[in-house]
Amino acid sequence: MRFFLTTAIDYVNSRPHLGTAYEKITADVIARYKRLCGFDTHFLMGNDEHSQNVYKRAVERGMDPRAYCDMMEQEFRSVWARLDISFDDFIRTTEPRHRAAVQKMVQANYDAGDIYEGFYEGWYCVSCEAFKQEKDLVDGNCPIHTNLKPEWIREKNYFFRLSKYCKPLLEHFQAHPSFLQPDVRRNEMLRLLEGGLEDISVSRAGQAWGIPLPFAPDSVVYVWYDALINYAAAVGYGTDEARFSTWWPAHLHVVGKDITRFHTVVWPAMLMSARLPLPTQVFGHGWVHFQGQKMSKSLGTSLDPVDVAARFGPDPLRLYLVKEIGYGSDGDFTWDRYTERYNVDLANNLGNLVSRLVAMAEKYRDGRLMPAGSGGQLAALAEEVFERYHRAMDLYALHEGVAAAFQLVDAANEYIAQSAPWALAKDPGNASRLDEVLFNVAEAIRVAAVLLLPVMPKSCEEILRRIGETTAAGSLRLERDGRWRHEGARELTKGAALWPRAEESVTDNSTDTHQGTPATPGATQAAGAGATAAEADNRIAIDDFMKVELRVAKVLEAEAVPKSKKLVKLKIDVGTEQRTIVAGIAEAYAPEQLVGRTIAIVFNLKPAKLMGIESNGMVLAASPEGGKPTLVAFDGDVPPGTRVR
Ligand SMILES: [Zn+2]
């Protein structure tokens with residue numbers, strides 16, 4: 001049983017915003033759900049680097065585009081790590097495996113007679129990196145980038161015969177009603193196909209950043225045509241045919257609703273032309289708005305997911321996005337609503353339920369619960385919830401799956417209120433009834449935590465640990481472990497509150513990268529389940545470390561700083577530029593000892609003036625108390641500009 005799913009790959013001209021994170025989080029929930037169901041799952045994500053916007057951004061920053069993309073890869077990876085995204089593979093379109101696949105696919109389309117030379121004249125939105133038809137413009141601007149006027153371009157291009165595949169695509173849509181979901185997207189695409197298709201340009205002339213056409217190396221493959229091929233490239237198309245035949249076709253492409261045309265019309269037509277099987281399904285999710293407005297970097301209404309995760313940890317954010325937004329529809333994020341849901345679902349409901357059970361088990365049964373009774377109504381509900389959850393999750397109605405699991409949490413809280421264990425505990429004659437009540441609550445929590453594991457992986461793992469589940473989270477299986485159990489003693493473990501109630505309300509004026517981050521209500525409150533110990537001490541997360549950009553540099557010139565015993569002025573090569581840096585190492589090194597040396601520096605430090613000289617960065621050296629500094633050196637040759645991490 002295999003399951004191969006992908007998300008859209010992202011342009012790296014800026015950090016991911018919460019909307020981008022939404023796609024990855026929901027796809028991650030699906031990947032984790034499939035693993036829980038026992039599928040051999042392959043979850044692919046990646047970065048789309050052959051964009052003119054990426055190229056421009058690199059040039060603006062004075063960087064080599066490849067070095068810029070390397071840097072952004074680390075940015076993206078650190079965001080995904082912070083949000084607990086469990087991808088199995090991360091592809092970059094500048095990798096050799098991707099280039100091989102693109103050239104193979106383009107050649108296959110060409111050999112099939114589906115690519116021809118022509119002339120393109122029309123509108124092009126540089127932000128979308130897409131050709132636009134006159135009729136789609138809104139007041140002359142791009143319908144997606146409503147503050148941008150597309151460029152009129154005129155160039156010799158190669159075209160793909162998309163028109164030829166209109167009928168086969170319509171037939172495919174009709175024969176496979178679930179090919180594109182949800183239905184609202186499917187209907188949009190059916191209308192489009194019924195209106196007929198025009199051939200599309202698949203190359204750009206006069207650009208160096210991209211993959212050359214194998215039969216016309218002076219043109220590069222159009223970025224969208226290039227990008228779509230990543231899904232096949234990642235599993236070996238063009239490089240490892242045995243692996244490709246094992247994993248292709250993909251079972252699911254998760255993409256935003258604005259790019260379903262590329263994924264359900266252009267991409268399948270390319271595959272048909274290359275005589276390859278089509279992906280089983282494409283899911284077009286909706287958008288997360290911020291305070292009712294579309295989230296967009298260019299419109300200044302975006303939110304950094306790392307800032308949101310900093311408030312209560314990644315799991316409450318994951319839960320909010322999955323539970324509060326019907327999968328496939330648009331939804332909204334506001335700080336007030338987020339704090340409210342956190343309190344209602346986690347602090348007061350699930351978190352409180354776990355604390356109460358563990359406290360009662362401790363007080364009345366020394367933390368050890370024995371199986372007792374039949375489970376009664378709670379067991380019957382759990383069975384029904386299991387079925388509903390399973391059905392919903394299989395159809396990617398993620399919000400319904402999560403709602404089902406929370407119904408069991410609600411019911412367990414009501415069950416405690418009705419059965420009043422504290423009253424039962426007063427009379428030894430009720431001992432067996434008390435055993436039954438406590439065991440049933442523990443079992444309801446266990447089932448709910450297994451069902452919620454794909455959504456809140458770390459927290460549910462911690463809940464399961466506290467209520468005595470002995471199977472490791474990665475080995476749990478839905479069919480076996482997501483159902484009510486009538487056997488097995490439980491050793492419960494106490495712990496700090498999983499989700500302390502958030503008292504303060506934060507205002508909704510925090511937008512964009514690391515500016516106006518809402519106050520974190522104390523270290524323990526910011527920590528999610530299981531992370532409490534790690535975040536309460538002074539350790540930092542990987543993304544904090546990744547903010548410090550360490551690089552290899554080479555010393556070109558060195559001279560003593562007049563009137564200073566300690567300082568030396570260096571001219572260094574950092575790969576992408578030359579810089580002046582002032583270092584406090586003169587007592588240990590003479591200037592002539594430094595020229596030609598490879599050193600490590602902090603690359604992204606704000607400039608500072610030392611003895612009237614502007615220093616751009618900091619040289620790393622071991623600085624023993626009272627002793628002389630010793631420069632950090634490398635074991636082997638490394639070129640200037642290489643990142644140290
Ligand atoms: Zn646009």
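All ligand and atom numbering here is 1-based and tracks the order in the structure. Side chains included, hydrogens not; waters and symmetry mates left out as well; all remaining heavy atoms used.
Judged by distance alone, the side chain of H17 and the main-chain N or O of G19 form a donor-acceptor pair under 3.5 Å.
Across R92, R551, R77, R643, a single residue satisfies salt bridge (Lys or Arg N to Asp or Glu O under 4.0 Å) together with D70, and that is R92.
At a cut-off of 2.8 Å, measuring from the Zn ion (ligand 1), the protein N, O or S atoms that fall short of it are C125 SG, C128 SG, C142 SG, H145 ND1, waters left aside.
The distance from the CG atom of D28 to the CZ atom of R35 is 6.5 Å, given to the nearest 0.5 Å.
R154 meets the side-chain contact (heavy atoms from CB on, under 4.5 Å) test with F119, E121; sequence neighbours excluded.
Both the sub-6.0 Å distance and the 45° axial angle are not jointly satisfied by K132 relative to the ring of Y124.
Ring to ring, H251 and F4 are not that close: their centroids are 6.0 angstrom or more apart.
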